[in-house]
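Data block below; observations after.
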Protein chains: 2
Amino acid sequence: MTGRRPTSADVAREAGVSRATVSYVLNDAPGERIAQPTRERVLAAAARLGYAPSLAGRTLANGQSDIVLLAMPDAPSGELTSRFVDAVTRSLAAQGLTLVVHFDVPSAPRLPRLAAMLSVRAVLSLFPLPDADNAALRRMGIRVVPAGTESDGLATSALLRRQGRMQVEHLVAAGHTRLAYALPADPRLSVFADPRHDGVRQACAERDLPVPATFTVPDDPSAVVPAVRALLADAPQVTAICAYNDEVALAVLHGLRELAVHVPTRMALIGVDGIPLSAYSAPPLTTITVAPAATARHLARAAVARLAGDRATPVPIEDVLHLTPRATT
Amino acid sequence: MTGRRPTSADVAREAGVSRATVSYVLNDAPGERIAQPTRERVLAAAARLGYAPSLAGRTLANGQSDIVLLAMPDAPSGELTSRFVDAVTRSLAAQGLTLVVHFDVPSAPRLPRLAAMLSVRAVLSLFPLPDADNAALRRMGIRVVPAGTESDGLATSALLRRQGRMQVEHLVAAGHTRLAYALPADPRLSVFADPRHDGVRQACAERDLPVPATFTVPDDPSAVVPAVRALLADAPQVTAICAYNDEVALAVLHGLRELAVHVPTRMALIGVDGIPLSAYSAPPLTTITVAPAATARHLARAAVARLAGDRATPVPIEDVLHLTPRATT
DNA sequence: CGGTGGTGGTTACGCGCGTAACCATCACTG
DNA sequence: CAGTGATGGTTACGCGCGTAACCACCACCG
């Protein structure tokens, strides 16, 4: 009754057929030649025993598993991340593939090794992998599938850059020319922050604006005011701030309020993400709203399409981003 | 050069020994009887070929894999979650075990099936699993390891209940007797929200206070004000609100401000989590701060200790929670 | 010089599965 | 009635690995 797991041999015995028959039936073999009554006997036996095929056996037999490994950067994950995982899990499940998430924390088994051990079908990643990992995976014949490519604007970093550009577009349209960029303190966020920052700088360069001043917003609330004060002192001509995201923006907003700097007349401010709390600040925050579910579905679809070898990925990225003008600009 | 993955046979050939020798060397077999020079030849060959053992083969041979499956509820994951995953990954890696995260999204392969397929060493879970899953796993002889048990107060739900109790303790100490509870709108959050809510109700019951009025805070910012208005109308005698978390609390705070209800004189408010933004509201939010890294380590340690069969888990839970009194109470 | 024990390996097998190759049966045709 | 498909299965093998059982060799002792 402790019951080791039932194997296909158990099912075969229970159904009174050979193991091969069981395998053919349960896999719906393409050129199947199994009579209907037999099929049903097998299926019933499998159900009765609660049979689940051993991935190990199957993997060994056909050389690769049904596992797709999603490589996540070592960064704090938010709502978008979990929705993305969710969406990818669904899409892959529909194709009979199982998603396994690997968080690239420093002490975890390194990605290529884990991928090899699991005999994965492919490695999916939102961001370009380190060259060494890429090389190691390629050497072992493991496919690496990026969520999207630079050329079609589907890459995660392209999406992030576009968010930065949209911040600048809005501020410039409102007449600002001297901008600053507010970075988050957590270094692990740089995978997201760098592309957004790049987008801002590119958009400025294209308009012949000066390079935005940069400052880091500390995690410690009491340290925020000094950081904002320093910016105001170092770059007095700045009239608008692009924040890495809404959280950073709200921290900056707090600092400005404490320093009695009026928003938006003396200083404009814009965030990214459109988190619920952005609507509740005083004044409410202008932001680039990212539709999390849609973005996640979009990235998931792009990734899964690439996995399937599909080169045509139609979804335009504008759909998932839009400006939410409120009172800080 | 496309190179299929090297197997232990390849290593054996390269080193000029038998496959068994390779296996003994690479696994550091307990009663190993392999000469040092041979050992080194094998290790060198393995390194040269970039050999990584196939989990499938190993799993098949010894009946179970080195994988521990972490079952996550279908709920939006936040910072605490990702830190927990991180901490568990580290702890397990130190024991040669690999953590694989399974998000229980509706369309994913069901947990018992995945566990069986992976021939997992154990299933780890933060919350009690559905009875059906538990039974299925037990039937297949798969260990289920909870993060902690009710009896020692280490269970996740006990931790969450304690947060609710602490909210009440603080409000009662400030003289409040008629409380309300603000629930989040997303139904997936109920795994977290129910225990916190339970803690609040228990603490009230123990003090012979009336059962707190309950209301749900909608995600849509424009719907928050009506929700708060409805609460004020339905339960006019309420003088303090426990919010599910800081986000909900900040939404409620916004609603109260719009309705010109003074905080904290007419209505007190307390959150849970201690997110950075809680410090930036006007007035700043009183909250139960959860040290995310410490909590994650604590839960991870408890879970890993249980996995190792250790019954003695010393860490007291008080360490990771503390009251952060600010201006809303 | 036959036995004895230790050293350093090798050979052989099975884990659970997919699948190619094979085979028995039977209805039908020339 | 021998020959021919079609039908409905079965037998046999190998995937990569761990490990029990075995074996060749040599030093040493009685």
Side-chain angles (χ1 to χ4, degrees), chain A residues 3-42 45-46 49-67 96 113 116-121 140-141, chain B residues 4-42 45-46 49-67 96 113 116-120 140-141:
Chain A
R4 38 174 259 317
R5 307 180 31 203
T7 74
S8 75
D10 296 326
V11 176
R13 200 173 315 117
E14 176 87 6
V17 298
S18 75
R19 228 183 35 67
T21 302
V22 171
S23 186
Y24 285 131
V25 169
L26 295 183
N27 295 328
D28 253 342
E32 49 165 324
R33 344 216 292 88
I34 309 294
Q36 194 57 27
T38 310
R39 287 180 61 81
E40 283 163 11
R41 279 219 317 286
V42 170
L49 296 178
Y51 170 72
S54 150
L55 240 202
R58 170 173 295 175
T59 298
L60 208 49
N62 56 21
Q64 60 178 4
S65 69
D66 289 335
I67 292 180
R113 187 180 164 77
M117 291 197 309
L118 293 174
S119 305
V120 298
R121 185 71 64 89
M140 298 187 302
Chain B
R4 39 172 261 314
R5 306 181 31 204
T7 73
S8 75
D10 296 326
V11 176
R13 201 174 312 118
E14 176 88 4
V17 297
S18 77
R19 228 181 36 66
T21 302
V22 171
S23 185
Y24 285 131
V25 169
L26 295 183
N27 294 328
D28 252 343
E32 49 166 324
R33 343 218 291 85
I34 309 294
Q36 194 56 31
T38 310
R39 285 181 61 80
E40 283 163 10
R41 280 220 316 287
V42 170
L49 296 178
Y51 170 72
S54 150
L55 241 202
R58 171 172 295 177
T59 298
L60 207 49
N62 56 21
Q64 61 177 4
S65 70
D66 288 335
I67 291 181
R113 188 181 163 76
M117 292 196 310
L118 292 174
S119 304
V120 298
M140 297 187 302

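Each chain gets a letter, A, B and so on, in the order the sequences are listed, and its residues count up from 1.
- For A:R5 (side chain) and B:A116 (main-chain N/O), a donor-acceptor pair under 3.5 Å exists by modelled atom type.
- Counting only heavy atoms from C-beta on, A:S18 has its side chain closest to D:dT10 among C:dG18, D:dT10, D:dG18.
- Atoms CG (B:N27) and C1' (D:dC17) sit 9 Å apart, rounded to a whole Å.
- With B:R41 contributing its side chain and B:A15 its backbone, the two residues share a donor-acceptor pair below 3.5 Å.
- If you measure from atom CZ of B:R19 to atom C1' of C:dA12, you get 11 Å, rounded to the nearest angstrom.
- Along DNA chain C, the nucleotide nearest B:Q36 and the nucleotide nearest A:P6 are compared for position; the residue whose nucleotide lies closer to the 5' end is B:Q36.
- Of the side-chain N and O atoms in B:T38, one or more sit less than 4.0 angstrom from OP1 or OP2 of C:dG9.
- Looking only at side-chain heavy atoms (C-beta outward), B:L55 and A:T59 stay at 4.5 Å or farther from each other.
- Counting to the nearest Å, the P atom of D:dG16 and the CG atom of B:D66 are 19 Å from each other.
- A straight line from CG of B:L118 to C1' of C:dG16 spans 15 Å, rounded to a whole angstrom.
- Using a 4.0 Å heavy-atom cutoff across all strands shown, A:T7 reaches sugar-phosphate atoms only and no base atom.
- At D:dC17, none of the side-chain N or O atoms of B:S23 fall inside 4.0 Å of OP1 or OP2 (strictly under the cut-off).
- Here D:dG18 presents its C1' atom at 10 Å from OH of B:Y51, a figure rounded to the nearest Å.
- Dashed line: the shortest gap from a side-chain N or O of A:S8 to OP1 or OP2 of C:dC17 is under 4.0 Å.
- To the nearest angstrom, C1' of C:dC13 lies 13 Å from CG of B:L60.
- Residues A:I34 and A:T21 form a side-chain contact, since some pair of their non-hydrogen atoms from C-beta on lies under 4.5 Å apart.
- The separation between B:N62 atom CG and D:dT19 atom C1' is 10 Å, rounded to whole Å.
- Minimum atom distance to the side chain of A:A61 is reached by D:dC15, of the listed D:dG9, D:dC15, C:dC15.
- Checking D:dG9, C:dG8, C:dT10 against the side-chain heavy atoms of B:A35 singles out C:dG8 as nearest.
- D:dT19 atom P lies 16 Å from atom CZ of B:R33, rounded to whole Å.
- With B:Y51 as reference, B:L26 is the one residue of B:L26, B:V42, B:D10 to meet the side-chain contact (heavy atoms from CB on, under 4.5 Å) rule.
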